Student: 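First the structure, which I've put down as structure tokens, then a few questions once you've had a look.
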Protein chains: 2
Amino acid sequence: MSQAGYGCLMAVDRHHVLRSAAALLTRKSTATMDEVAKAAGISRATLHRHFAGRDVLVRALEALGIAECEAALDAARLDEGPARDAVRRLVREIESAAALLAFLYTENQLFEGEGQNEGWARIDDRIAALFRRGQSNGEFRIDLTPAWLTEALYGLLASGAWAVSEGRVAAKDFTYMIAELLLGGALRHPERNSEQPREES
Amino acid sequence: MSQAGYGCLMAVDRHHVLRSAAALLTRKSTATMDEVAKAAGISRATLHRHFAGRDVLVRALEALGIAECEAALDAARLDEGPARDAVRRLVREIESAAALLAFLYTENQLFEGEGQNEGWARIDDRIAALFRRGQSNGEFRIDLTPAWLTEALYGLLASGAWAVSEGRVAAKDFTYMIAELLLGGALRHPERNSEQPREES
DNA sequence: ACACAATGAGACGAGAATGTCTCAAGCGGG
DNA sequence: CCCGCTTGAGACATTCTCGTCTCATTGTGT
């Protein structure tokens with residue numbers, strides 16, 4: 001039983017369903033199971049065969065988001081080089097998961113008592129450690145706590161994802177705007193060379 | 001008919017109900033009308049007598065949020081003095097409405113087609129104009145668009161409100177952390193005197 | 001004391017979403 | 001070719017929330 005071999009028999013693969021669900025729920029967090037099924041191109045019955053209920057689906061999305069986040073954290077090599085560059089790498093690596101993150105970030109408000117997945121605590125710790133490293137370095141200011149900087153990063157990712165999805169900012173500017181605002185803020189700093197508009201490849 | 005005279009007869013005042021609803025819906029955006037009523041200390045029947053339906057309640061909350069936002073914008077005197085100080089005044093004035101704003105900010109994602117209240121457009125314009133003024137001034141960097149800075153302010157307000165409500169950051173640091181991160185970013189700037197931790201009275 | 005307005009409690013049906021079930025059809029492998 | 005697995009479509013009961021209704025109670029002003 002249970003699709004042990006990921007062969008060709010599985011016409012609908014969990015991953016494709018999850019991606020579709022993430023894309024839909026990001027835009028409309030109250031979407032029906034029927035809408036989720038239609039968005040994935042499968043029937044509601046099949047959706048239920050793979051995810052026994054809405055909460056199971058959301059938990060699976062949470063696991064996906066955590067996995068993508070940790071993959072981004074690994075790829076960003078947070079403990080190498082200047083902390084500011086690590087932050088830029090992190091934002092770039094996490095961009096593709098930002099919409100899903102935005103959904104989960106607001107959805108977590110609903111879990112209230114149930115206690116959230118411990119994966120988030122691990123991710124929080126790794127990001128906070130990066131900011132702490134930057135503070136020890138002397139790169140980052142010490143009057144903003146690592147916890148708040150982590151929280152602010154989440155907020156900016158969510159804002160950026162929404163702003164992009166509604167066309168208020170260009171998708172190509174996503175990484176640059178988030179990273180530069182988080183690092184440098186809105187103020188102009190004459191002595192820093194933060195004036196090249198895009199070009200971050 | 002219909003309580004034309006806002007006298008002493010109104011035992012339950014709309015404002016108290018709206019504040020309770022805002023506080024509850026900020027934490028649990030899918031709260032039931034029954035939960036909203038209990039949170040306000042009234043019965044569901046009475047709640048329905050004042051707000052004919054859930055959408056009416058949300059619209060009233062939206063109107064309240066817009067009103068508080070515009071009051072904060074007025075009180076902050078955005079066009080006086082340096083733009084950076086105007087931003088600090090704005091964050092301070094808007095702090096009391098931040099939780100409500102956070103709820104409405106995410107709720108607006110659901111309105112999809114219906115077109116959002118024009119009040120938000122006015123508020124967006126006023127805030128964006130502040131950032132534009134700072135850019136013309138030379139105070140703010142020009143590689144971050146006013147639209148994105150406005151969006152980022154919303155995101156940071158929401159993050160801050162949630163972080164405070166969950167105890168991840170201290171409520172007394174709310175204004176300082178949001179304003180300073182938005183203005184100065186995470187990087188340390190040796191030549192600027194941004195190192196006094198609190199003290200913003 | 002009386003009348004009236006507002007509230008609280010609860011019943012009731014409508015509607016939507018969910019979870020489960022059955023049955024027919026498609027499709028690949030033995 | 002036939003078998004078995006998976007899917008799609010739909011029916012069905014259940015649950016939840018909503019909106020409306022009624023009725024008893026409270027409290028206030030005259």
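In what follows, chains are A, B, ... by sequence order, proteins preceding strands, each numbered from 1. Computed from a prediction, not measured in an experiment: that's the story for all the values here.
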Student: Among B:Asp74, B:Thr150, B:Asp79, which residue satisfies the side chain to side chain donor-acceptor pair (under 3.5 Å) criterion with B:Arg126?
Tutor: B:Asp74

Student: Rounded to whole angstroms, how far apart are NE2 on A:His48 and P on D:dC12?
Tutor: 18 Å

Student: How long is the line joining CG of A:Asp13 and C1' of D:dT6, in whole Å?
Tutor: 14 Å

Student: At under 4.0 Å, does any side-chain N or O of B:His50 touch on OP1 or OP2 of C:dT7?
Tutor: yes

Student: Mark up nucleotides 9-17 of chain C, 5' to 3', with B wherever a protein heavy atom is under 4.0 angstrom from a base atom, S wherever such an atom reaches only the sugar-phosphate, and - elsewhere.
Tutor: B-B-----S

Student: Enumerate the ring-ring contact (aromatic ring centres under 6.0 Å, His included) contacts for residues 85-109 of chain B, please, sequence neighbours excluded, ordered by first and then second residue.
Tutor: A:Trp162-B:Tyr105, B:Tyr105-B:Tyr154

Student: Work out how much the helix from C:dA1-D:dT30 to C:dG30-D:dC1 bends between its end axes, five pairs an end, to the nearest 10 degrees.
Tutor: 10°

Student: Can you check whether B:Thr145 reaches A:Met177 side chain to side chain, under 4.5 Å on heavy atoms?
Tutor: yes

Student: What verdict does the side-chain hydrogen bond (donor to acceptor under 3.5 Å, both in side chains) test give for A:Thr175 and A:Glu95, after you've listed the backbone C-alpha separation in whole Å, the side-chain angles of each residue and the deciding distance to 0.1 Å?
Tutor: CA-CA 7 Å; A:Thr175 296; A:Glu95 171 176 357; 2.5 Å; yes

Student: For B:Glu80, does the CD atom sit with more than 12 other heavy atoms under 6.0 Å from it, leaving out its own atoms?
Tutor: yes

Student: Separation of A:Leu57 atom CG from C:dT18 atom P, in whole Å?
Tutor: 10 Å

Student: With heavy-atom distances below 4.5 Å as the criterion, would you say the side chains of B:Leu153 and B:Leu149 are in contact?
Tutor: no

Student: Do A:Val17 and A:His50 come within less than 4.5 Å of each other through their side chains, counting heavy atoms only?
Tutor: no

Student: Could you state the CZ-P distance from B:Phe51 to D:dG19, rounded to the nearest angstrom?
Tutor: 13 Å

Student: Going through the distances and angles, do A:Phe140 and A:Gln135 end up as a side chain to side chain contact (heavy atoms under 4.5 Å, CB included)?
Tutor: CA-CA 5 Å; A:Phe140 294 167; A:Gln135 289 180 331; 3.9 Å; yes

